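For reference, positions follow the sequence shown, starting with 1. Given the structure is predicted, the values throughout are model-derived calculations rather than measurements.
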Amino acid sequence: FVAFMSVIGLALGVAVLIVVLSVLNGFERELRSRMLAVTSHATITGVDGTIADWRKGQADAAREPNVMAVVPFVESRGLLANGERVAGALVRGILPDEEVKAVGLSSRMRQGSLADLAPGKFRVILGRAVARELGVEPGERIVVMAREESATPAGFAPRMKRFTVSGIFESGMYEFDRGLALMHMADAALLYRLGDRVSGLRLALEDPFLAPLTVRSVARAIG
């Protein structure tokens, strides 16, 4: 009887341990997949906030070990307005064809697609939460205001441009769904007057756990 109860107790203990580990591993995997659907494994930005010769930097970075993809981006804070509704957001300019190589956001699109972002069309893709806060759906228009100011005859005024909402994404992470707006990199560079410069380069790595070592190696390689 004692031996039988010992075996039962041991079996129950192992079963509980397996269940707990499975739950934790599943939670970690789900959390990682949701975060990496929007963010990259590593990011390199210029010392002054921009990178001028980014095409050469992209080519040099792509030759480094452990690097699967290198994509440029333009990123800054901005205000999104629809009538009296206003929401702050991180405005990110991307190249749709390049973006799909680094992150899995295309699989998180609920309406529209990244391919709808075209240069000169001034289209924007919003997170589900910020779109709900602004009360907009695809096809409607919003005003994007940059934090930089422009000089006008009446004084300094926020730089702003009207964009058409072309899509909605839902990453499952509230901070991204509430605070991120995507547009084509050319439109973002025009809005923030960066010319041919970008804010930085985002890296997709074969082994994300080697990101600290890899990003330093890449930074040295591109100068």
Side-chain angles (χ1 to χ4, degrees), residues 37-40 43 45 49-51 54 71-152 154 156-202:
V38 184
T39 62
S40 54
T43 302
T45 57
T50 61
I51 297 178
W54 62 268
V71 299
F73 69 96
V74 170
E75 193 170 85
S76 187
R77 303 299 303 183
L79 283 177
L80 314 178
N82 176 35
E84 296 182 353
R85 298 187 179 186
V86 179
L90 185 66
V91 178
R92 180 183 297 168
I94 63 172
L95 295 176
D97 294 338
E98 297 281 337
E99 191 72 7
V100 296
K101 302 176 183 177
V103 297
L105 189 59
S106 58
S107 63
R108 302 285 180 170
M109 295 296 298
R110 295 297 174 259
Q111 294 175 269
S113 68
L114 294 180
D116 295 334
L117 300 179
K121 297 296 185 180
F122 297 103
R123 295 170 179 165
V124 64
I125 295 175
L126 302 177
R128 171 72 71 186
V130 70
R132 187 180 297 116
E133 184 171 335
L134 292 173
V136 294
E137 292 290 339
E140 299 181 357
R141 308 185 75 184
I142 63 172
V143 173
V144 179
M145 292 178 282
R147 61 183 180 179
E148 292 82 0
E149 296 179 334
S150 298
T152 67
F156 288 95
R159 195 178 307 148
M160 59 184 66
K161 181 68 179 178
R162 191 173 295 276
F163 282 76
T164 301
V165 178
S166 63
I168 303 291
F169 72 85
E170 187 172 11
S171 67
M173 300 288 289
Y174 180 78
E175 62 177 302
F176 298 129
D177 295 340
R178 166 57 184 79
L180 182 61
L182 304 174
M183 61 181 64
H184 195 277
M185 195 173 76
D187 296 340
L190 182 63
L191 177 65
Y192 292 101
R193 296 186 178 178
L194 293 182
D196 196 40
R197 296 172 294 163
V198 298
S199 300
L201 300 171
R202 304 167 67 201

Engineer: Tell me if a side-chain donor or acceptor on S199 pairs with a main-chain N or O of E75 at a distance below 3.5 Å.
Structural biologist: yes
Engineer: Does the side chain of L134 reach to within under 4.5 Å of the side chain of L126, using non-hydrogen atoms?
Structural biologist: yes
Engineer: Taking all atoms of both residues into account, what is the closest heavy-atom pair of R197 and R193, and its distance?
Structural biologist: NH2-O, 3.6 Å
Engineer: Measuring from F169:CZ to Q111:CD, what's the distance to the nearest 0.5 Å?
Structural biologist: 13.0 Å
Engineer: Using modelled atom types and a 3.5 Å cut-off, is there a donor and acceptor pairing between side-chain atoms of W54 and backbone atoms of F73?
Structural biologist: no
Engineer: Report the C-alpha distance between D97 and L95 in whole Å, list the side-chain angles of each, state the deciding distance to 0.1 Å, and finish with yes or no for side chain to side chain contact (heavy atoms under 4.5 Å, CB included).
Structural biologist: CA-CA 6 Å; D97 294 338; L95 295 176; 5.9 Å; no
Engineer: Under the salt bridge (charged side-chain N to carboxylate O under 4.0 Å, His left out) rule, collect the residues that match up with R132, sequence neighbours excluded.
Structural biologist: none
Engineer: If we only count heavy atoms from C-beta on, is the L180 to R92 side-chain gap below 4.5 Å?
Structural biologist: yes
Engineer: Could you check I51 against T45 for side chain to side chain contact (heavy atoms under 4.5 Å, CB included), going step by step and ending with a plain yes or no?
Structural biologist: CA-CA 7 Å; I51 297 178; T45 57; 5.8 Å; no
Engineer: In Å, rounded to the nearest 0.5 Å, how long is the span from CG of D196 to OG1 of T50?
Structural biologist: 11.0 Å
Engineer: Which residues pass the salt bridge (charged side-chain N to carboxylate O under 4.0 Å, His left out) test with E98, not counting sequence neighbours?
Structural biologist: K101
Engineer: How close do R77 and L90 get, counting heavy atoms only, and between which atoms?
Structural biologist: NH1-CB, 3.5 Å
Engineer: Within a strict 4.5 Å, meaning less than it, do heavy atoms of the Y192 and V91 side chains meet?
Structural biologist: yes
Engineer: Is it true that a side-chain atom of R123 and a backbone atom of D116 form a donor plus acceptor pair closer than 3.5 Å?
Structural biologist: yes
Engineer: Work out which heavy atom in L191 is nearest to a heavy atom in M160; give both atom names and the distance.
Structural biologist: CD1-C, 4.4 Å
Engineer: Stepwise, does the salt bridge (Lys or Arg N to Asp or Glu O under 4.0 Å) test hold for R110 with E170?
Structural biologist: CA-CA 7 Å; R110 295 297 174 259; E170 187 172 11; 3.7 Å; yes
Engineer: Which pair of heavy atoms, one from A186 and one from P119, lies closest together, and at what distance?
Structural biologist: CB-CB, 3.9 Å
Engineer: Can you find a pair of side-chain heavy atoms, one from L201 and one from V71, that are under 4.5 Å apart?
Structural biologist: no
Engineer: Does the side chain to side chain contact (heavy atoms under 4.5 Å, CB included) test come out yes or no for I125 and I168, once each step is laid out?
Structural biologist: CA-CA 6 Å; I125 295 175; I168 303 291; over 6 Å; no
Engineer: What heavy-atom pair brings V86 and A81 nearest, and what distance separates the two atoms?
Structural biologist: CG2-CB, 4.1 Å
Engineer: Could you list all the salt bridge (charged side-chain N to carboxylate O under 4.0 Å, His left out) pairs where at least one residue sits in residues 177-191, not counting sequence neighbours?
Structural biologist: E133-R178
Engineer: Looking at every heavy atom in both G88 and L79, which two are closest together, and how far apart are they?
Structural biologist: CA-CD2, 3.8 Å
Engineer: Do V124 and T164 have side chains that get closer than 4.5 Å, going by heavy atoms?
Structural biologist: no
Engineer: Quick one: CE on M185 to CG on L190, what's the gap to the nearest 0.5 Å?
Structural biologist: 12.5 Å
Engineer: For the atom pair CZ (R162) and CE (M145), what is the distance rounded to the nearest 0.5 Å?
Structural biologist: 10.5 Å
Engineer: Might you work through the side chain to side chain contact (heavy atoms under 4.5 Å, CB included) test for I94 and H184, ending with a clear yes or no?
Structural biologist: CA-CA 5 Å; I94 63 172; H184 195 277; over 6 Å; no
